[in-house]
Structures are given as C-alpha cells and as structure tokens.
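Notes to accompany the following structure.
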Amino acid sequence: MKILENVIANKNLLFTDASSGATTPVGTLYRSLGLNPVEKGLIFLYNDNQLPSIEVLLNFYGTAHAIAVLGQKLHPEFKERLEAEYRPKYIFDPSRDEVQGYELKEFSETVKIFAKKDYKPEVVIHPEIKILLSTSGTTGVPKLVKLSDENLYQNAVSILQYMPIQETDVVPLNVPINFVYGFSIFTTNCMRAGRIVCTDKDIMQKAFWDEMEEYGYSTLGGVPYLYENLNRIGFFRKDSTSLRYMTHTGGVINAELRKTIFNYCHEFEKQFFAQYGQTEAGGRMAYLTTDGLLEEETSIGTPVHGGSFQIDPETDELLFLHSSISGGYANKLEDLSTYEQPRLLHTGDTGRRGQNGLYYITGRIKRIMKLFGIRLNLDEVEFILKNELEGNTVVCLNGNDKKIIVLYDNKEIDPQIIKETIKNKLRINPQYVSTEHIESFPLSQNGKINYPLLQNLQHEKI
C-alpha cells in the first residue's frame with residue numbers, strides 16, 4: 001500500500017473539518033475504525049469530501065478491500081442500479097437511513113456503514129484493484145475504471161516532481177475526490193502538505209471564502225469553467241495572501257483568461273499549473289507552468305515524469321505511455337476478477353507535437369462534425385470564439401452535421417458577432433450557424449459543462 005505508507009510517513013499531517021474546526025492527526029485517523037486488514041470485499045464510498053468520508057477512505061485503504069469512490073449526490077435510482085450490479089459488501093452513505101438488504105453498523109461516533117446481510121463473496125476481486133472511479137459523472141452508468149495502488153502511487157510521484165507542495169501548505173478539498181483530479185489532489189497533498197481541510201463548499205459560495213480566510217488556503221484547483229467564473233467575480237484583481245499556487249485540468253483555458261491569470265501570477269507572485277489528465281491514467285498526464293500561459297496558449301505542455309506521448313499517424317489520436325495506466329474497465333461485478341494493464345492509453349483526443357517539443361490538443365474524436373462534408377473540430381471553433389469574445393463562455397454543438405449550434409450565457413454578447421467570427425475565421429456561411437442564449441450552463445458533478453446533456457437537448461429540438 002504505497003500510497004497509504006507515504007501518507008502515514010507524513011507524520012505532521014492534520015485533517016480538519018471545515019465547518020466545526022475539529023482536527024485529527026493522520027496517525028489517528030487512518031486506523032480509527034478498527035478494521036481487519038486482511039478482510040477482502042468491495043465497499044461503495046459515496047463521497048461528500050467531509051471528514052467522515054476521508055476517514056472511511058483511509059481506513060479501508062489499509063485493508064484488502066477494493067474501494068469504489070462515488071458521488072454522494074448521485075440520483076437514488078442510479079445508486080440502486082449500481083448496487084444491484086456490484087452487490088458491495090459495505091456501503092458508506094450518510095445521506096441514507098436504510099438500504100434494502102443491509103444493516104447499519106456503527107464503526108465510530110461519527111462513522112456508520114451499511115453491511116450486507118448474510119454476505120457471501122460471489123467473485124474473487126483481483127488483488128491489484130484498489131480504487132474504482134467512474135468516468136460518467138452524474139449518469140449512474142456502471143462503468144468503473146480499475147486502478148491499482150501502484151497506478152495511483154506512480155502518478156502521484158510523477159506529479160510531485162513538479163508540484164510545489166510544502167509541509168506548511170493548507171489544502172482545501174474543493175474538488176470532489178470521487179473524480180480522479182480531486183483524488184489526485186488528495187493523494188499528492190496527503191504525502192507532502194501540512195493540513196487537509198475537508199469541505200463540501202463550492203468555490204462560488206461565500207462560505208468557501210470565509211473558510212479560506214479562516215484556514216489560509218495555499219492552493220486552489222478547478223476546471224476552466226471555474227476559472228472563468230472567478231474572473232467574472234473579480235478574483236484576479238486583488239491578492240489572496242495565503243494562496244501560493246493554483247492548478248487546473250479538464251480542458252484548455254482560452255487565451256484572454258490565460259493572459260489574465262498570467263498577469264495575476266506575475267503581479268502577486270503566484271504559480272499556475274495548466275494540466276491534462278484522464279481517469280484511465282490515474283490523474284494528471286501532462287502539465288504547463290505559469291511561464292507557458294502566454295507563449296503556448298493551446299498547449300498541454302510536457303508529459304509528467306516517467307510518461308511519454310505518441311501521435312497515431314492515421315487518426316492523430318494522442319496516445320499515452322506510463323506505469324499509471326489503469327487495468328481496464330468494470331461494467332459488472334464479474335469484471336472485478338481481472339486486471340489487464342495496456343502498454344498504451346488511447347486518450348480519445350486528437351493532438352500534435354510542436355517543434356518546441358510541447359504537445360497540443362486539437363479536439364476530441366467524438367467532437368468532430370462534417371458540415372456538408374467539411375471536417376470541423378467543434379473544440380477549435382469554441383476556442384476561436386472564446387478568444388474573440390474576450391473569454392466569455394460559449395458551447396458549440398453539432399446540429400446533425402447541417403449547422404453549428406452556439407450557446408452563450410452572457411446577454412451582452414451580440415449573436416451577430418458570433419456568426420461573423422465563424423464566417424471570417426472559418427469561411428462558413430452564417431446561415432449554417434445557429435445561436436442561442438442560455439441562462440446558465442448545466443454542470444456535471446466535477447464542475448465541467450455537461451456537453452452530453454446539452455447535445456441531447458438540442459437533438460430533441462431538431
């Protein structure tokens with residue numbers, strides 16, 4: 001258990017409950033539930049980033065159990081679907097008082113876990129499988145990524161080669177740990193930082209900023225949409241004295257916002273790490289430092305230590321090589337009996353390598369449309385519009401390969417500018433561009449814009 005061993009070795013690490021201020025040292029927290037280390041099974045941990053969730057995670061990590069880390073806010077029907085498919089031995093879910101077929105057992109004053117009645121193991125879970133994470137966000141699809149302790153450890157070690165974590169750092173869990181980015185933030189900081197603050201507050205809530213002032217957060221993490229919102233509320237106009245560095249993943253930040261972030265970092269002596277990663281590789285796969293924000297506006301930078309990229313010559317797909325690549329997917333309980341780690345990860349992203357050695361994402365294979373036979377990358381169209389519209393958020397969708405649909409949430413935007421920009425930059429007739437104002441963009445649990453939902457809504461209109 002390399003991850004847990006390294007967390008425990010960080011002897012001064014403290015865990016704090018943001019709302020109450022209750023603090024527990026790592027040496028106490030990871031063994032507080034009195035679990036049998038050789039007991040083996042599957043636990044569903046429905047996470048809310050609160051201290052009890054972290055306590056359960058650390059305690060079960062030290063056993064032979066496999067841990068499926070899922071979102072506590074999943075729809076009840078989705079929870080039932082997943083539980084019927086995988087039939088876990090234990091379920092940790094503070095949002096429920098009862099689960100059919102399970103009895104609630106008290107493990108400590110703050111932790112109660114549902115245990116399956118008359119449990120009998122149906123499959124032998126492969127010993128390499130430690131963590132299971134979903135890539136589906138809020139849909140409840142039973143597809144889970146099978147990650148080993150070695151996967152997670154190798155990725156964490158790679159990240160620690162460039163991430164400036166210090167033993168005095170105070171780190172908020174503002175990114176849910178049931179998403180690989182949040183889990184990666186959690187593991188790397190547990191190995192090096194001084195305090196982890198467990199919070200379910202969102203960065204856009206006033207309560208979060210009250211907590212930041214109280215505890216003195218050293219770092220913030222988020223997806224591009226979060227930084228776009230921070231820019232709107234004027235975050236980058238003044239200093240946050242405790243903040244040393246910020247991280248991001250989940251897509252390219254537009255050039256105008258990158259410039260704003262660069263100027264903020266330069267003026268107030270902060271660092272910013274633009275990153276690229278996928279669940280199937282345990283977290284973060286590439287990074288770009290603050291200095292690259294201006295010069296390499298669309299670059300994901302260089303691969304993390306120990307990793308490398310290749311470009312498929314036929315499809316332009318970006319391929320990744322690293323020991324952090326997962327052991328495949330599980331769609332049902334029986335799939336937990338195997339763990340097969342491929343040499344290459346097919347990212348599903350198209351990319352290129354620049355003459356400077358840096359890598360660039362040019363789009364998603366599934367985000368390609370053909371407008372009257374012309375191949376069009378919707379991610380590139382979106383990026384062009386965001387730059388032209390000074391960082392405003394827009395979403396480009398496929399209108400059945402007959403038109404480009406552009407959604408925007410700022411009423412001040414003139415839709416004619418959108419059409420003119422696409423006409424001038426891409427030589428596409430405005431009659432094939434549809435614009436629509438939307439009050440707010442729906443988000444998935446990890447804070448990203450929910451593209452599948454928006455696309456489905458458009459299909460219903462067509």
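Here the structure is a predicted model, which is why all the values come from computation and not from measurement.
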*For the residue pair L443 and K448, establish whether any side-chain heavy-atom pair is separated by less than 4.5 Å.*
no
*Looking only at side chains, do E228 and T393 share a donor and an acceptor under 3.5 Å apart?*
yes
*Is the closest side-chain donor-acceptor distance between Y181 and T279 under 3.5 Å?*
no
*asked:* Tell me if a side-chain donor or acceptor on Y215 pairs with a main-chain N or O of A18 at a distance below 3.5 Å.
replied: yes
_Option among T362, D312, D316 that satisfies the side chain to side chain donor-acceptor pair (under 3.5 Å) test with T350_ = T362
*So does E109 have more than 12 non-hydrogen atoms from other groups sitting under 6.0 Å from CD?*
no
_No-hydrogen, no-angle side-chain donor-acceptor test under 3.5 Å, Y276 and D349_ = yes
_Please tell me whether R244 and S218 have a donor and an acceptor in their side chains that are separated by less than 3.5 angstrom._
no
*Assess the side chains of T260 and N231: does a donor N or O sit below 3.5 Å from an acceptor N or O?*
no
_Looking at T347, is its backbone amide N or carbonyl O close enough to the side chain of Q278 to form a donor-acceptor pair, meaning the two atoms are under 3.5 Å apart?_
yes
*Compute the ring centroids of Y227 and F235, then answer whether they are less than 6.0 Å apart.*
no
*asked:* Using only atom types and a distance under 3.5 Å, with no angle test, would you say the side chain of N10 pairs donor to acceptor with the backbone of C190?
replied: yes
_Taking the ring centre of each residue, are Y264 and F236 less than 6.0 Å apart?_
yes
*What about H346 and F320, are their ring centers closer than 6.0 Å?*
no
*S108 side chain to V111 backbone, donor-acceptor under 3.5 Å*: yes
*asked:* Tell me whether Q310 at atom CD has more than 12 heavy atoms from other residues, nucleotides or ligands lying less than 6.0 Å away.
replied: yes
*asked:* Could you tell me if D169 and T219 have a donor-acceptor pair between their side chains, going purely by distance under 3.5 Å?
replied: no
*asked:* I need the single residue from K79, K112, Q72 that forms a side chain to side chain donor-acceptor pair (under 3.5 Å) with D93. Which is it?
replied: K79
*Under the 6.0 Å and 45° cation-pi test, does K332 pair with Y86?*
no
*Under the ring pair (Phe, Tyr, Trp, His ring centres under 6.0 Å) rule, what do F15 and Y30 come out as? Steps first, then yes or no, please.*
CA-CA 11 Å; F15 292 86; Y30 86 95; over 10 Å; no
*Could you walk me through whether E83 and R96 pass salt bridge (Lys or Arg N to Asp or Glu O under 4.0 Å), step by step?*
CA-CA 14 Å; E83 289 157 11; R96 287 186 283 180; 2.5 Å; yes
_Are F441 and Y451, when compared by the centres of their aromatic rings, separated by less than 6.0 Å?_
no
*Any chance CG of N36 has more than 12 other-residue heavy atoms, nucleotides or ligands included, within less than 6.0 Å?*
yes
*Does NZ or CZ of K146 fall inside the cone over Y329's six-membered ring, less than 6.0 Å from its centre and within 45° of the axis?*
no
_I'd like to know if the side chain of D335 reaches the main chain of N331, judged simply by a donor and an acceptor atom lying under 3.5 Å from each other, with no hydrogens or angles considered._
yes
*Between R87 and F44, is NZ or CZ placed under 6.0 angstrom from the six-membered ring centre and within 45° of the ring axis?*
no
*Do the side-chain N and O atoms of D200 and N49 include a donor-acceptor pair separated by under 3.5 angstrom?*
no
_Distance-only polar pair, side chains of D149 and Y61, donor-acceptor under 3.5 Å_ = yes
*Crowded around E39 CD? As in, over 12 foreign heavy atoms under 6.0 Å?*
yes
*Check whether the side chains of N151 and S148 place a donor and an acceptor atom closer than 3.5 Å, and report yes or no.*
yes
*Can you check whether Q154 reaches H322 side chain to side chain, under 4.5 Å on heavy atoms?*
yes
*Please check if any side-chain donor atom of E150 sits under 3.5 Å from a side-chain acceptor atom of S323, or the reverse.*
no
